[in-house]
Amino acid sequence: MVKIVIVGAVAGGATVASQIRYYDKAAEIIVFEQDDMMSYSACGMPYYIGGEITDADDLIAATPEKFKKEKNIDVHLKHRVISINRDKKTVEVLNLETQQSVEESYEVLILSPGGTPIIPKTPGLESTKMFTLRNFSDMEKIHHYINTEQPKSCVIVGAGFIGLEMAENLVNLGMSVSIVEKSQQVMNIMDADSSDLVEKELLNHGVKLFKGNFITKVDGANLELDLGEKLQADFILMSVGVSPSTELAENAQLTIGETRGIVTNEYLQTNDASIYAIGDAAENIDFITGDAKRVPLAWPAHRQAHIVARHITGDNIPFKGLLGTSICKVFTQSVASTGLNEKTLTDRKMNFESLTQTSLSNAGYYPDHEKLFLKIHYDSQTRKVLGAQVVGGKGVDKRIDVLSTAIYAGLTMDDLQALELAYAPPYSSPKDPVNMAGYKAK
Ligand code: FAD
């Protein structure tokens with residue numbers, strides 16, 4: 001009977017524990033989680049704060065009691081793994097309630113520790129109300145603050161996924177929202193023309209944007225920006241990114257890569273074959289280029305968890321790499337991308353062409369059609385699809401998923417014409433926007 005210890009009990013950790021149990025009824029599985037909650041949907045948290053989801057419990061998928069009863073998995077909350085002894089194959093675990101530490105042995109160790117929000121060193125930041133949103137208790141704190149203090153304004157620092165989702169949810173609560181973003185565009189994984197559409201949507205909903213800018217000084221509710229503007233905010237939401245939690249791994253001399261994640265092979269093993277790393281803290285490769293890549297999103301954590309479970313239980317399925325497929329709702333618009341963007345293609349000096357296509361999501365005579373903007377990058381010689389972005393009001397998810405599948409399957413722009421895609425007037429047109437892009441590329 002193999003003994004498996006897992007660090008982290010949310011997306012990657014809880015999933016890998018369940019998956020191992022599915023394939024191995026006998027394994028001893030012990031999970032340590034430093035927080036007081038396991039297996040919840042972090043992705044749903046902005047929508048609980050915004051009131052779209054009314055019961056926080058709906059975000060919780062499992063409890064330690066449920067895991068024990070239904071899967072015979074031991075989950076210890078409020079237990080932090082503080083060191084790994086690779087020679088002895090043990091971890092030291094600190095019980096955060098009693099402050100006692102214990103040693104736990106393992107045959108296989110799986111690290112899924114996620115990341116920690118980055119907080120810039122801004123003078124005066126301690127003088128104001130500031131939140132980050134990473135875990136369940138962050139969410140509860142923000143929710144409680146909003147409901148008791150009734151703030152009227154917020155400055156969000158960082159215009160990535162969390163910043164944009166929170167902007168929408170706070171505006172929906174009636175707040176005045178400003179976003180301060182260091183780069184020259186919001187959502188900087190997108191190309192500029194795609195992100196322009198997102199900016200328009202934010203402005204249309206009254207969000208004030210301060211791009212190429214950052215906070216230089218905070219004094220209570222008063223904020224000063226690098227380009228001279230002065231803002232007032234009841235609170236700040238800091239969402240400038242997450243740094244992978246690699247301290248445990250580093251201290252155990254596991255290799256850290258160029259993306260600052262824990263380097264893993266195709267089976268998610270680190271440089272120590274008995275230690276795996278998955279999720280936000282793990283570095284893998286880009287599906288197309290093979291370059292080092294880390295995608296801090298839920299799909300990689302879940303897919304990697306499956307591959308690790310299969311590998312441990314004797315079935316070797318190599319992880320083929322990451323496309324970074326993502327989607328985000330910004331008021332009435334959805335913004336999605338997959339594969340390589342213009343910047344990466346240009347930096348790598350790849351030979352590519354790009355095509356943009358603005359179409360309707362579905363039949364123009366059907367009442368609720370909306371505009372869809374598609375941008376596709378493809379290899380100039382092989383014509384294989386290398387990357388795509390879709391922004392629009394309806395049907396963005398369908399198109400980005402077709403295009404992500406096209407990249408996975410190695411399809412060319414000409415194949416896009418030939419795809420037989422579902423059509424009826426409420427959903428598409430006889431020539432879907434993806435087909436149209438294929439025809440246009442010819
Ligand atoms: P986590 O799920 O963060 O779990 C790591 C856990 O490990 C944490 O609970 C941490 O406390 C624990 N831990 C760390 N160190 C130790 C230690 N030493 N000992 C014990 N425990 C430890 N992704 C999407 O794809 N789509 C979305 O819409 C989306 N929305 C999001 C919205 C928000 C607000 C947030 C915060 C994230 C969102 N994500 C989304 C990202 C997604 O939630 C993460 O990519 C995913 O949770 C990563 O899984 P993980 O297991 O690597 O880390």
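Ligands are counted one by one from 1 in listed order, and the atoms in each one are counted from 1 as well. All values below come from the heavy atoms of this structure, side chains included, with hydrogens, waters and symmetry mates left out.
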Tested for side chain to side chain contact (heavy atoms under 4.5 Å, CB included) against Val155, the lone hit among Ile179, Leu225, Leu223 is Leu223
Does NZ or CZ of Lys182 fall inside the cone over Phe214's six-membered ring, less than 6.0 Å from its centre and within 45° of the axis? yes
Under 4.0 Å from any heavy atom of Arg134, which atoms of ligand 1 are there? 8 (C), 9 (O), 10 (C), 11 (O), 36 (C)
Here the atoms of ligand 1 under 4.0 Å from any heavy atom belonging to Gly8 are 6 (C), 7 (O), 12 (C), 21 (N)
Does at least one non-hydrogen atom of Pro296 fall below 4.0 angstrom from an atom of ligand 1? yes
Just which atoms of ligand 1 are under 4.0 Å from any heavy atom in Val10? 1 (P), 2 (O), 4 (O), 9 (O)
Any atom of ligand 1 sitting under 4.0 Å from a heavy atom of Phe32? yes
Is Leu248 in contact with ligand 1, taking contact as a heavy-atom separation below 4.0 Å? yes
For Glu140, what residues pass the side-chain contact (heavy atoms from CB on, under 4.5 Å) criterion, not counting sequence neighbours? Phe136, Ser137
Min N/O separation Leu133 to ligand 1 under 3.5 Å: no
The atoms of ligand 1 lying under 4.0 Å from a heavy atom of Ile162, numbered in the order shown, are 33 (C), 34 (C), 35 (C), 36 (C)
His306 and side-chain hydrogen bond (donor to acceptor under 3.5 Å, both in side chains): which single residue from Arg310, Gln304, His302 fits? Arg310
Using heavy-atom distances, let me know which of Gln34, Met139, Met38 sits nearest atom 13 (N) of ligand 1. Gln34
Could you check whether Lys25 makes a cation-pi contact with Tyr22, meaning its NZ or CZ is under 6.0 Å from the centre of the six-membered ring and within 45° of the ring axis? yes
A student comparing Ile49, Val81, Ile84 should find that the heavy atom closest to atom 19 (N) of ligand 1 comes from Val81
Hey, looking at atom 14 (C) of ligand 1, which of Ala305, Ala301, Pro113, Ser112 has the closest heavy atom? Pro113
Below 3.5 angstrom, do we get any N/O pair linking Gly115 and ligand 1? no
Shortest non-hydrogen separation from Val31 to Ala9 and the atoms involved: CG1-CB, 3.7 Å
What atoms in ligand 1 come closer than 4.0 Å to a heavy atom of Gly279? 52 (O)
Intermediate values then yes/no, salt bridge (Lys or Arg N to Asp or Glu O under 4.0 Å), Lys129 and Glu149: CA-CA 11 Å; Lys129 197 84 200 158; Glu149 304 292 325; over 6 Å; no
Can you name the closest pair of heavy atoms from Gln185 and Lys211 and give their distance? CA-CD, 4.0 Å
Interatomic distance, Glu168 atom CD to Glu201 atom CD [nearest 0.5 angstrom]: 8.5 Å
Below the 3.5 angstrom mark, is there an N/O of Asp280, backbone or side chain, next to an N/O of ligand 1? yes
For atom 32 (C) of ligand 1, the option (of Ala42, Gly13, Ser39) bearing the nearest heavy atom: Ala42
Just distance, no hydrogens or angles: give the donor-acceptor pairs under 3.5 Å from side chains in residues 52-59, sequence neighbours left out.
| unit_1 | atom_1 | unit_2 | atom_2 | d |
| --- | --- | --- | --- | --- |
| Asp55 | OD1 | Asp57 | N | 3.0 |

Under 3.5 Å between any N/O of Gly12 and any N/O of ligand 1: does that happen in this structure? yes
